[in-house]
Amino acid sequence: MGTADLNDHLPPALAEIREEFLAIEQPERLTLLLEYANELPDLPERYADHPDLLERVVECQSPVYMFVEVDSDDIVHLFVTAPRESPTTRGFASILATGLRGLSVDEVLAVPEDFPNTLGLTAAVSPLRLRGMTALLGRTKRQVREKMAA
Amino acid sequence: MTIEADSSAKFAEYAHPERLVSTDWLQEHLKTPGLVIVESDEDVLLYETGHIPGAVKIDWHTDLNDPVERDYIDGERFAALMSAKGISRDSTVVIYGDKNNWWAAYALWVFTLFGHEDVRLLDGGRVKWEAEGREYTTEVPSPQPTEYPVVERDDAAIRAFKADVLKHFGNPLIDVRSPEEYVGDRTTGPGYPEEATLRGGHIPTAHNVPWGKAVAEDGTYRPFTELKTLYRENLGLADDDDIIAYCRIGERSAHTWFALTHLLGYEKVRNYDGSWTEWGSAVRVPIAVGAERGDAPSK
């Protein structure tokens, strides 16, 4: 399956992120990932003061916590926090937070599970390290489903 | 040309004091010709966020492991890697990293498989350098390529394979994982993802000495007398014992291998890098569960 096929099922922002990664060589992909890591927004204050609301992403090798909100227009908002000394994880979190921004419930649920593996990072980052990002996506979808069922 | 060893009083007690350098020593020697500083981390991007001035990066996974087989790179690739990083056969290499130097110790152990002679560890690693407020840079050096010889890897002395472990019963085995992994409740360290190891537990007869027991609060190795109590006295190890250490994939046990070999001076220590991810999935190998060490299988 080529990139074009994959993109058919991908929200535009995520497709754009992938194009961005695939257009450059391996070492630059790491630099780009670092840029994403630096852009991960801080948690909104209502969560900063309520660590109990956050779910731990245990599949990540560092302490990563996330929380999903679905607003009255069925738009999904993903909040993630990861420590400064874990830039790889921050980068993954930031890619998802950026790529899912403003998407509806249905659009988020339709994102392919293997999206993290299609960014051309497996050689530079190793599959082991990508697992955390897959888990973050999986947990995001699960929280969305739970919120919709509630 | 050899660069003088760190003559700190703490190191002088160790069997091979020249294998460790302190943050003070490294600070003073940053620009010494013949010295190459290497950062080796769990997080593949951490180096890019800032590193010790002049340090080059070597990644345990993408640089030191063979991209296809579960093995290390061969002599040719190692030579190419060394050349690209500006390391000559006679360079003094000082390695440091995150997570208490797990990956730094692992990289040092891989350097040793290739017989690189002068390779040292920064005691306390990244965490100590950082805690002391020392300088970091994001400037990546572009070293002059060197003529590093192609040296075949020699696994015999310090690397153990599954078959070696099966023949090892009756000799000391040290499981350096957490107690939860040792008893079989978990297959990875607390805080780490559970990975697809099919069974939990430990290799029968293995002592459980979590790697972290060798480390002080500031991330440095504990002094000689404490390490001696921890391993020699508590486990009853004799001078000429043949010892194998293992963990999950060999990185934490590389840290213990370093302590046993270079700090306590045991001459026959091997790291079983297949570790629990191999043993815990292998067919028909003996496994013990629970806190008891378990018995050696009858031959």
Do other residues, nucleotides or ligands put more than 12 heavy atoms under 6.0 Å from the CG atom of A/Asp71? yes

Considering residues, nucleotides and ligands other than B/Glu139, do more than 12 of their heavy atoms fall under 6.0 Å from its CD? no

Does one side chain, of A/Thr88 or B/Asp43, offer a donor that lies under 3.5 Å from an acceptor on the other? yes

Are there more than 12 heavy atoms of other residues, nucleotides or ligands under 6.0 Å from atom NZ of B/Lys213? no

Can you name the closest pair of heavy atoms from A/Ala124 and B/Val44 and give their distance? O-CG2, 3.6 Å

Residues of residues 53-66 of chain B with any heavy atom under 4.5 Å of a heavy atom in chain A: B/Lys57, B/Asp59, B/Trp60, B/His61, B/Thr62

As a test of understanding, state which of A/Val125, A/Thr31, A/Leu33 forms a side-chain contact (heavy atoms from CB on, under 4.5 Å) with B/Leu45. A/Leu33

Under 3.5 Å donor-acceptor pairs involving side-chain atoms of residues 142-150 of chain A, not counting sequence neighbours:
unit_1, atom_1, unit_2, atom_2, d
A/Arg142, NE, A/Glu146, OE2, 2.9
A/Arg142, NH1, A/Glu55, OE2, 3.2
A/Arg142, NH2, A/Glu55, OE1, 2.7
A/Arg142, NH2, A/Glu55, OE2, 3.3
A/Gln143, OE1, A/Val68, N, 2.9
A/Gln143, NE2, A/Glu55, OE1, 2.7
A/Lys147, NZ, A/Val68, O, 2.7

Got more than 12 heavy atoms from elsewhere within 6.0 Å of CD, A/Glu16? no

I'd like to know whether A/Glu85 forms a side-chain contact (heavy atoms from CB on, under 4.5 Å) with B/Asp98, so could you lay out the CA-CA distance, the side-chain angles of the two residues, the decisive distance to 0.1 Å, and finally the verdict. CA-CA 9 Å; A/Glu85 62 272 19; B/Asp98 63 354; over 6 Å; no

